[in-house]
Number of protein chains: 2
Amino acid sequence: MPQATPWTPPLIAVAVDLAVFTVLDEQFAVLLIERGIEPDIGSLALPGGFLATASEDLSAAAARELAEETGLDAAQVHLEQLATYGVPDRDPRQRVVTVCYLALVPGPLSPMAGGDARNAAWRPVDDIEPASLAFDHATILAEAVERARSKLEYTTVATSFCGPEFTMSELRRVYEIVWGRRLDPRNFQRKILNIPGFVEATGKQTVRNGGRPALLYRAGPARLVQPPILRTRTDDSSPQ
Amino acid sequence: MPQATPWTPPLIAVAVDLAVFTVLDEQFAVLLIERGIEPDIGSLALPGGFLATASEDLSAAAARELAEETGLDAAQVHLEQLATYGVPDRDPRQRVVTVCYLALVPGPLSPMAGGDARNAAWRPVDDIEPASLAFDHATILAEAVERARSKLEYTTVATSFCGPEFTMSELRRVYEIVWGRRLDPRNFQRKILNIPGFVEATGKQTVRNGGRPALLYRAGPARLVQPPILRTRTDDSSPQ
DNA sequence: GGTGCTATCGTCAAGGTGACCAAAAGGAGG
DNA sequence: CCTCCTTTTGGTCACCTTGACGATAGCACC
């Protein structure tokens, strides 16, 4: 603790890491970069970096990194703090405390457009070998995946994976892909529509080739869902 | 991001703050200290401090602070990371990033025994004026209170507020006091006993003055509760 | 027009929940 | 010993949500 005597606290490098998720190509995917510098050169890692200056805000740094990697403005995506990781030897170079953020971005609209996409790529979370990740990013990624899955239960963030307008089927596919479970279309629609403020009808409907046109919705003002939409172990477990 | 050029990341003071909660005297209380040094001298604040050395682990620092303030070993209490706060001007002296931890300690057994209890005291959370708290601790405390309340819904941490053995009524009082709601004793007991691993019967029962003796339970191995125990807005809202 | 596909509405039984009655098991006081 | 009061515990019942699933609407293609 600080004293009147000239004791000064130790100074530490603070970084911000991002776990950016999307639903792309019928798969739950995360943005990973291939490291081009030591240590762990060649390994996969979550995008991130140190604070730019000693006075940069944490959330501002997260938004800056997100913009650099995906070209997306933080106002358009869901961005929240996940946790902070600071085991002393997690980086062999020096002591680094990293504040990790969770970002959910819409699917087809976000192929790293405008980002300085050196070697960043979307990877399906089910295909990632934990051992191929640098530092302690396997642990971070596992906690981020679980956070994202549970967030779908008691919040409306699933709409963050969709575009500004979406059908009930598209929203349901988000749940099915992220959870890896099949959901009944009729029960799902009943549940969503019974939650006040989850979605709002736009009045429009899709024009598609084959099948009845679907009504289009946009995200509503509600953020929390109570009671939650629980992922039960029933239903089919094959998402596709 | 780090380059091969001799760019070095800014170094920042990292602190650990604690939101230590207990159920004491039929009230939901948090441990606060009265600041003896500038800035915000005389204000109330969450206990905490800077990392002791540049190589101290974050959770180790939290456990050390907890032991200093309460004399409790971290193995006996529930201790989890809450969030990290790093707004640039939250401390007027210098840039400080603080990792806040949430601790839940048992009730009568923890009156700062053994701690260097300078001016630390339990304060009922309902009696705390937000403006009387230093720095951004009012925000931190509000989020910690909400985290603790919601944790009771989907985990078994409520047993952390009880002693090693407790009655169903004592456990129910924890929920009632933390949530500020009355709960039906019979429905509560049915719900708890239907959750596998929440509590285990000890076979013993209380010897008390008046009323039927209550069975004694201890905490079970379960940590997560599914489906959650929801705090509905029904029931009486007066906890006492 | 028939077929196939998707979306949407409705029905029904099973399980969980809140509200509440009733009984068990002790102490205090007459 | 009996009654009253207390607290704990077991049980019932109506209501709601949920999962499972039948049925219909609306469009494209052949």
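Convention: sequence-line order gives letters A, B, ...; per-chain numbering from 1.
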Using only atom types and a distance under 3.5 Å, with no angle test, would you say the side chain of [X] pairs donor to acceptor with the backbone of [Y]?
| X | Y | result |
| --- | --- | --- |
| A:N119 | A:I33 | no |
| B:E170 | B:T167 | yes |
| A:Y175 | A:L152 | yes |

**Report entry** DNA chain D: 5'-proximal contact among B:L193 and A:Q205 (nearest heavy atom)
**Finding:**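 Between the two, 5'-proximity favours B:L193.
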Requested in this report: Kindly determine whether B:V20 and B:E69 satisfy side-chain contact (heavy atoms from CB on, under 4.5 Å), including the steps that lead there.
Outcome: CA-CA 10 Å; B:V20 188; B:E69 299 293 341; over 6 Å; no
Requested in this report: For A:T167, answer base if it contacts any base atom (sugar-phosphate contacts may also be present), sugar-phosphate if it contacts only those atoms, and nothing otherwise; contact means non-hydrogen atoms under 4.0 Å.
Outcome: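 Nothing, no heavy atom under 4.0 Å.
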Requested in this report: Give B:L230 one of three labels, base, sugar-phosphate or nothing, depending on what nucleic acid heavy atoms sit under 4.0 Å from its own.
Outcome: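 The residue B:L230 makes no contact with any strand.
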Report task. For B:A74 and B:L79, work out which heavy atoms get closest and say how close. Result ->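 That would be CB-CD2, 4.4 Å.
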Query - Which atom of A:Q81 lies closest to which atom of B:T84, heavy atoms considered - result: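 Closest heavy-atom pair between A:Q81 and B:T84: OE1-N, 2.7 Å.
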Could you check how far [atom1] of [X] sits from [atom2] of [N], rounded to whole Å?
| X | N | atom1 | atom2 | result |
| --- | --- | --- | --- | --- |
| A:I229 | D:dG19 | CD1 | C1' | 15 Å |
| B:I192 | D:dT8 | CD1 | P | 15 Å |
| B:L183 | D:dT9 | CG | P | 16 Å |
| A:I195 | D:dT17 | CD1 | C1' | 12 Å |
| A:N194 | D:dG19 | CG | C1' | 15 Å |
| A:R186 | C:dT6 | CZ | P | 14 Å |
| A:D184 | C:dC9 | CG | P | 14 Å |
| B:N187 | D:dC15 | CG | C1' | 13 Å |

Side chain of [X] - closest among [options]:
| X | options | value |
| --- | --- | --- |
| B:R212 | D:dT12, D:dA23, C:dA23 | C:dA23 |
| B:A214 | C:dC9, D:dT18, D:dT9 | D:dT9 |
| B:P213 | D:dT8, D:dG26, C:dG26 | C:dG26 |
| B:R190 | D:dG19, D:dT9, C:dA19 | C:dA19 |
| B:P185 | D:dC21, C:dC20, D:dT9 | D:dT9 |
| B:K191 | C:dG26, D:dG19, C:dT17 | C:dT17 |
| B:P227 | C:dG18, C:dT17, D:dG19 | C:dT17 |

Query raised in the report: So among A:R231, A:R182, A:R181, A:R149, which one has a salt bridge (Lys or Arg N to Asp or Glu O under 4.0 Å) with A:E176?
Result: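 Of A:R231, A:R182, A:R181, A:R149, salt bridge (Lys or Arg N to Asp or Glu O under 4.0 Å) with A:E176 is met by A:R182 alone.
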Query raised in the report: Do any side-chain nitrogens or oxygens of A:Q189 fall under 4.0 Å of OP1 or OP2 in C:dC9?
Result: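 So the side-chain polar atoms of A:Q189 do come within 4.0 Å of the phosphate oxygens OP1 or OP2 of C:dC9, strictly under.
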Requested in this report: Could you give me the CA-CA distance, side-chain angles and deciding distance for B:F21 and B:F28, then say whether ring-ring contact (aromatic ring centres under 6.0 Å, His included) is met?
Outcome: CA-CA 7 Å; B:F21 292 102; B:F28 186 38; 5.0 Å; yes
Tabulate protein N/O versus nucleotide N/O from nucleotides 28-30 of chain D, keeping only pairs under 3.5 Å, one per line.
{"from": "D:dA28", "atom 1": "O4'", "to": "A:G210", "atom 2": "N", "distance (Å)": "3.3"}

